[in-house]
Amino acid sequence: EHRSGLIGISVVIILVGYFWLNGKSDSTRSFLSRLVLKIPLAGELIRKNYQARFCKLLYLLCSSEVPLLQGIGMLKDIITFYPYQRSFDIICEGLKRGEFFADKLGEFPHIYDRKLYTLVRVGEETNRLEDMLQKQGEDLTRELEHKLKQLGNLLEPVLIDRKSTRLNSSHVSESRM
């Protein structure tokens, strides 16, 4: 039993050391971000959060008359989560070649919703991209707030139960003394 605990601690130390030394490499950042996005519930919340930030920030930049290509390039320094940074590079390259913004977003269905793709497509076709980004940013923020509230409502009874169990066990141990 002592030996398995020692092996477990050794594995954790090796993994922490590896990620600390190689944490900046693209392969490590890619692996860790894929892992994070696959965590049930949390992955979806993280994706929605970054997608909402993307929409809101790009809306602000576009409404300030920053060209789309330059705005997406600026986002790379603001949104540092690896899959989004990587997508910004590829989107910028496509825009430089004259490809549609929506088509480039569509290449990343694991981080950009179909709804965003559709709204951006409509925004490009009707010259109302700013409006579509603003709308999607607001919608995603509302969805995220709702999901977080649901999560809080779900966790509250569990946390209260744990706290009462802990209080009861400490009360029982005190009465035995």
Engineer: Under 4.5 Å between side-chain heavy atoms, counting indirect links through other Ile/Leu/Val/Met/Phe/Trp/Tyr residues: same cluster for Phe81 and Phe31 or not?
Structural biologist: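 In one cluster: no.
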
Engineer: Less than 4.0 Å between a side-chain N and a carboxylate O, is that true for Lys135 and Asp131?
Structural biologist: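 No salt bridge links Asp131 with Lys135.
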
Engineer: Once rounded to the nearest 0.5 Å, what's the spacing between atom CZ of Phe88 and atom CD1 of Ile78?
Structural biologist: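 Answer rounded to 0.5 Å: 9.0 Å.
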
Engineer: Under the ring pair (Phe, Tyr, Trp, His ring centres under 6.0 Å) test, which residues partner Tyr82, sequence neighbours left out?
Structural biologist: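 None.
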
Engineer: Please report the interatomic distance CD(Glu143) to CD(Glu44), rounded to the nearest 0.5 Å.
Structural biologist: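 Answer for the CD-CD pair, Glu143 versus Glu44, is 8.0 Å.
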
Engineer: Can you sort out the partners of Lys96 under side chain to side chain contact (heavy atoms under 4.5 Å, CB included), two or more places apart, ordered by chain and number?
Structural biologist: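 Once residues adjacent in sequence are excluded, the partners of Lys96 under the side chain to side chain contact (heavy atoms under 4.5 Å, CB included) criterion are Leu69, Glu93.
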
Engineer: With clusters defined by side-chain heavy atoms of hydrophobic residues (ILVMFWY) lying less than 4.5 Å apart, directly or transitively, does Val120 cluster with Tyr117?
Structural biologist: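 They do not share one cluster, since no chain of ILVMFWY contacts under 4.5 Å joins Tyr117 to Val120.
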
Engineer: Got more than 12 heavy atoms from elsewhere within 6.0 Å of CG, Asn153?
Structural biologist: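 Result for CG/Asn153: enclosed.
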
Engineer: Same cluster for Leu119 and Leu133 if Ile/Leu/Val/Met/Phe/Trp/Tyr side chains link at under 4.5 Å?
Structural biologist: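 Leu119 and Leu133: separate clusters.
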
Engineer: Could you pull out all residues at least two apart from Gln51 that satisfy side chain to side chain contact (heavy atoms under 4.5 Å, CB included)?
Structural biologist: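 With sequence neighbours excluded, Gln51 shows a side chain to side chain contact (heavy atoms under 4.5 Å, CB included) to Arg47, Tyr84, Tyr112, Asp113, Leu116, Leu140, given in chain and number order.
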
Engineer: As a quick check of understanding, evaluate side-chain contact (heavy atoms from CB on, under 4.5 Å) for Val122 and Arg128, giving each step before the final call.
Structural biologist: CA-CA 8 Å; Val122 170; Arg128 295 184 58 215; over 6 Å; no

Engineer: At their closest point, which heavy atom of Cys92 faces which heavy atom of Gly73, and how far apart are they?
Structural biologist: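 Closest heavy-atom pair between Cys92 and Gly73: SG-N, 3.8 Å.
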
Engineer: Do Arg142 and Glu138 have side chains that approach each other closer than 4.5 Å (heavy atoms only, starting at C-beta)?
Structural biologist: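 They are in side-chain contact.
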
Engineer: Can you give me every donor-acceptor pair (side chain of residues 99-108, partner residue at least two apart or in another chain, under 3.5 Å) with its distance?
Structural biologist:
from   : atom 1 : to     : atom 2 : distance (Å)
Glu99  : OE1    : Lys104 : NZ     : 3.3
Glu99  : OE2    : Arg97  : NE     : 2.9
Glu99  : OE2    : Arg97  : NH2    : 2.8
Asp103 : OD1    : Arg121 : NH2    : 2.1
Lys104 : NZ     : Glu107 : OE1    : 3.3
Lys104 : NZ     : Glu107 : OE2    : 2.8

Engineer: Considering only heavy atoms from C-beta outward, does the side chain of Lys76 approach that of Ile72 to under 4.5 Å?
Structural biologist: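 A side-chain contact under 4.5 Å is absent here.
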
Engineer: What residues, two or more places apart in sequence or in another chain, satisfy side chain to side chain contact (heavy atoms under 4.5 Å, CB included) together with Leu45?
Structural biologist: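 Per chain and number, Leu45 pairs via side chain to side chain contact (heavy atoms under 4.5 Å, CB included) with Leu41, Leu144, Lys147, Leu148, Leu151.
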
Engineer: Between atom OH of Tyr50 and atom CD1 of Ile79, what is the distance when rounded to the nearest 0.5 Å?
Structural biologist: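 Between atom OH of Tyr50 and atom CD1 of Ile79 there are 8.0 Å.
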
Engineer: Would you call Ile39 and Leu35 a side-chain contact if the rule is heavy atoms closer than 4.5 Å?
Structural biologist: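 The answer is no, as the side chains (C-beta and beyond) never meet within the 4.5 Å cut-off.
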
Engineer: For Asp26, is there any backbone N or O sitting under 3.5 Å from a side-chain donor or acceptor partner on Ser30?
Structural biologist: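 Not a single qualifying donor-acceptor pair exists.
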
Engineer: Donor-acceptor pairs are to be reported for all side-chain atoms of residues 55-68 against protein atoms at under 3.5 Å, with residues two or more places apart or in another chain.
Structural biologist:
from  : atom 1 : to     : atom 2 : distance (Å)
Lys56 : NZ     : Thr141 : OG1    : 2.8
Ser63 : OG     : Tyr59  : O      : 3.0
Ser63 : OG     : Leu60  : O      : 3.1
Ser64 : OG     : Leu60  : O      : 2.8

Engineer: Could you check whether any side-chain heavy atom of Gln134 comes within less than 4.5 Å of a side-chain heavy atom of Glu130, counting everything from C-beta outward?
Structural biologist: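 With C-beta onward as the side chain, the pair stays apart.
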
